[in-house]
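What follows is a short report on a single structure.
Given the structure is predicted, the values throughout are model-derived calculations rather than measurements.
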Number of protein chains: 4
Amino acid sequence: MNRVQRKRDERVRRILAAAAEVFGERGYEASTLEEVAERLDVTKGSLYYYFAGKDELATAAIETLGTDWTERLEALAESLVDTPRAERLRTLLREHIAIAVLEYPAALRLFLVPDSWPAALRARIRELRRRHDQVFRREVTTGVAAGEFRVVSVDATLQAMHATMSQAPLWCSHLAAEAREQAMDDLADTLLGLVSSPR
Amino acid sequence: MNRVQRKRDERVRRILAAAAEVFGERGYEASTLEEVAERLDVTKGSLYYYFAGKDELATAAIETLGTDWTERLEALAESLVDTPRAERLRTLLREHIAIAVLEYPAALRLFLVPDSWPAALRARIRELRRRHDQVFRREVTTGVAAGEFRVVSVDATLQAMHATMSQAPLWCSHLAAEAREQAMDDLADTLLGLVSSPR
Amino acid sequence: MNRVQRKRDERVRRILAAAAEVFGERGYEASTLEEVAERLDVTKGSLYYYFAGKDELATAAIETLGTDWTERLEALAESLVDTPRAERLRTLLREHIAIAVLEYPAALRLFLVPDSWPAALRARIRELRRRHDQVFRREVTTGVAAGEFRVVSVDATLQAMHATMSQAPLWCSHLAAEAREQAMDDLADTLLGLVSSPR
Amino acid sequence: MNRVQRKRDERVRRILAAAAEVFGERGYEASTLEEVAERLDVTKGSLYYYFAGKDELATAAIETLGTDWTERLEALAESLVDTPRAERLRTLLREHIAIAVLEYPAALRLFLVPDSWPAALRARIRELRRRHDQVFRREVTTGVAAGEFRVVSVDATLQAMHATMSQAPLWCSHLAAEAREQAMDDLADTLLGLVSSPR
DNA sequence: GATGAATGAGTCTTCATTCAT
DNA sequence: AATGAATGAAGACTCATTCAT
């Protein structure tokens with residue numbers, strides 16, 4: 001029974017990966033279950049054995065991706081407890097951008113789910129974002145409290161960071177490897193400037 | 001003939017306004033001509049009298065909206081020639097955010113056109129963005145040249161500004177009038193911090 | 001009033017010519033009033049001033065074309081009263097093929113009108129064909145009566161002639177000028193063979 | 001898997017039969033998938049499970065019909081190797097006419113495909129016609145070589161034969177059984193006259 | 001568990017036709 | 001006489017969803 005369970009989990013994982021890929025590339029509306037199925041080399045019908053429908057699949061894909069992403073950032077933050085605040089924030093920003101650009105270039109589209117979705121799903125996604133937001137929010141608020149960072153508004157600052165990081169792939173994806181690294185560095189440094197406003 | 005022409009222009013203008021609204025709210029894929037027609041209280045078929053198809057309509061809508069937006073910012077910049085640089089930039093940022101939040105809350109979606117579009121249309125949209133970008137780019141570069149602004153990278157700075165402004169509606173739209181004004185102010189001030197990096 | 005009438009007739013003639021062209025090129029279903037109007041540089045609506053609808057226009061176009069064609073053949077036959085029978089028939093066949101190939105390359109499609117047409121229109125077209133058929137039928141029957149032609153069946157012979165001549169454009173149209181002339185000659189000579197069966 | 005395959009083939013066969021019927025009756029443009037579906041008592045959508053679209057369906061229908069037709073004639077020719085030339089040709093002509101009139105009364109319309117079709121499909125159809133043409137071309141050329149037939153031009157002769165046979169249903173379909181048999185006989189005999197031109 | 005098949009609602013698009021001006 | 005505008009019905013095509021096997 002345990003082996004069965006593991007096999008099913010593995011199956012689900014593969015489906016979610018394919019789904020995240022497709023939804024990311026095309027956006028929710030333009031994605032078709034047919035394409036997801038095709039990348040997995042199964043038939044459309046099979047997907048319904050694991051997911052109740054398109055919405056469920058998209059939500060699960062977002063959730064998986066979001067959780068993975070958040071956990072990696074949390075782990076990174078953890079490992080930098082002894083690093084100076086500004087340096088730690090820069091590293092987190094840089095890593096976030098790198099994940100966005102290199103691994104989930106279409107996350108922006110993925111998170112632009114239709115307004116018509118059931119409230120429950122929307123709430124789920126909002127929760128994901130909240131947890132994701134926490135990683136950076138903690139850094140900013142503690143930095144401000146410690147007097148090392150200065151911001152106009154914590155909310156506005158975080159919004160600017162998230163917006164910029166999520167759109168980064170739009171600018172960086174088409175660059176050559178070296179230029180891309182540079183662009184990502186610049187972006188992280190620029191965002192770091194947000195927490196040290198002029199007096 | 002002149003009256004006829006004016007009438008036609010007016011008609012086209014109204015269609016474009018409705019189209020921009022719908023495409024903005026739903027994104028390209030999820031928008032239907034049916035809905036555009038419904039808001040105009042005409043039939044789908046009528047739209048085809050003025051536009052060759054969904055793509056053409058969307059492109060025209062984007063173009064109209066983009067041009068209008070840019071021209072308003074350009075006019076505003078013009079009227080502020082004697083204002084101190086930082087103040088002028090803040091005003092432009094604030095206005096941009098206001099337009100985004102109050103008038104084109106879904107511009108972000110609107111500009112995320114499908115990759116499958118003909119190159120010509122994509123090029124047209126890119127051009128629009130470029131011109132739009134110029135308004136802020138000029139402010140930043142001249143400010144840097146004058147030694148009043150300091151940035152890590154002009155490109156990165158502008159990217160951060162645009163990304164943040166275009167996503168502003170996602171956060172501000174649901175706020176009550178007063179809180180919204182405050183949020184927009186905070187956002188503009190925060191972005192202003194991007195051009196005065198710490199020494 | 002007379003001048004008005006003449007002007008109207010002229011207008012109708014031009015419309016019919018354009019219509020015959022379009023219906024001929026595309027067949028009935030694939031033809032659009034828009035295209036007919038375009039070739040005349042007027043608007044679709046104007047056509048309705050002269051014709052009650054697509055069917056009427058098509059019928060009139062067929063009728064005009066058919067009458068013109070028949071009359072030319074009748075005139076030609078008239079002018080050849082003193083020519084030997086076989087030679088006269090050959091000339092008529094050759095001329096028919098030439099008109100089909102060079103002037104009405106799509107007559108075949110044009111006459112393949114939908115079965116759904118009102119009986120009246122279909123009857124009209126049948127009548128046209130009948131008169132057209134008479135030109136050749138007279139030649140064949142008198143030739144047989146005179147003992148100069150020999151046929152298995154007059155009907156079958158005429159059917160073969162008409163079928164071949166109407167399909168001639170399908171084979172000859174794409175040929176170069178010289179080869180085309182040769183092909184048309186061969187076709188006429190071949191058809192002539194139909195009236196001199198072996199004993 | 002074999003049973004599944006056979007079932008699918010059977011399904012495809014039935015669809016093609018219905019499609020050939022409809023396209024034949026109405027011609028390409030006037031045919032609708034709705035009507036094809038209706039005759040099969042399925043929904044339009046189902047057709048798309050088997051064929052990519054209207055073009056594909058029409059092409060496949062033509063191909064099936066053409067191949068079947070050709071193969072029957074080839075088999076018939078084969079079985080008549082010991083029959084005198086003229087008699088064999090007459091039998092082939094008669095059979096061709098019978099198939100046209102009794103089984104594919106609308107083949108003429110079916111083969112009048114729109115010029116706008118992709119070159120690949122047009123080429124496919126041309127190939128079908130070529131193979132079909134071969135059956136009669138072989139008879140005529142070998143007959144001529146043997147000195148038993150005499151023609152003005154092999155091409156012109158074959159064109160006349162094909163044109164006449166394909167239009168035969170237009171004349172014969174509406175006749176009563178007996179008259180129809182007679183008409184078909186006459187037609188075959190008349191066409192046979194094409195290969196024995198007068199000296 | 002998975003598949004092939006089918007469905008039906010929805011979407012884009014075309015076009016004959018009507019009509020006020 | 002002619003035009004611009006609008007309509008509505010029809011048709012091709014897509015796709016999420018269902019279901020028997």
Using whole Å, what does the distance between atom [atom2] of nucleotide [N] and atom [atom1] of [X] come to?
X       : N      : atom1 : atom2 : answer
C:Phe51 : F:dA1  : CZ    : C1'   : 15 Å
B:Glu38 : F:dA6  : CD    : C1'   : 17 Å
D:Asp9  : E:dA5  : CG    : P     : 10 Å
A:Arg26 : F:dC15 : CZ    : P     : 10 Å
B:Glu35 : E:dC12 : CD    : C1'   : 15 Å
C:Leu40 : F:dT3  : CG    : C1'   : 15 Å
D:Asn2  : E:dG4  : CG    : P     : 15 Å
C:Glu10 : F:dA1  : CD    : C1'   : 16 Å

Exercise. Which one of C:Arg13, C:Arg6, C:Gln5 satisfies the side chain to side chain donor-acceptor pair (under 3.5 Å) criterion with C:Asp9?
Worked result: C:Gln5
Exercise. Does the ring of D:Phe23 carry D:Lys54 above it, NZ/CZ under 6.0 angstrom from centre and within 45° of its axis?
Worked result: no
Going by heavy atoms in the side chains, are [X] and [Y] under 4.5 Å from each other?
X       : Y        : result
C:Val42 : C:Ile15  : no
B:Leu57 : B:Tyr50  : no
A:Trp69 : A:Leu128 : no
C:Glu56 : C:Tyr48  : no

Exercise. Is there a donor-acceptor pair closer than 3.5 Å between any side-chain N or O of A:Lys44 and the backbone N or O of A:Thr32?
Worked result: no
Problem set entry | Ranges pairing with ranges for DNA chain F, where each run has three or more Watson-Crick or G-U pairs under 3.5 Å |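 Ordered by first number, the stems with DNA chain F (at least 3 consecutive pairs each) read E:2-21 with F:2-21.
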Exercise. If you check every side-chain atom of A:Tyr49, which of F:dA6, E:dA6, E:dG1 has the closest atom?
Worked result: E:dG1
Exercise. On DNA chain E, nearest-nucleotide positions of D:Val42 versus A:Arg8: which is more 5'?
Worked result: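 It is A:Arg8, whose closest nucleotide lies nearer the 5' terminus.
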Seminar exercise, completed: A:Thr43 meets the side-chain contact (heavy atoms from CB on, under 4.5 Å) criterion, sequence neighbours left out, with A:Ser46
Exercise. What is the per-nucleotide protein-contact pattern of nucleotides 13-21 of chain E, from the 5' end, where B denotes a base atom under 4.0 Å from a protein heavy atom, S denotes such proximity for sugar-phosphate atoms only, and - denotes neither?
Worked result: BBSBBB---
Exercise. Out of curiosity, B:Tyr28 OH to A:Glu29 CD, how far, rounded to the nearest 0.5 Å?
Worked result: 12.5 Å
For this session: Using a cut-off of strictly less than 4.0 Å, decide whether B:Arg11 has a side-chain nitrogen or oxygen near OP1 or OP2 of F:dA6.
Result: yes
Exercise. Looking at C:Ser46, does any N or O in its side chain come under 4.0 Å of the phosphate oxygens OP1/OP2 on F:dT3?
Worked result: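 Affirmative; the distance criterion is met.
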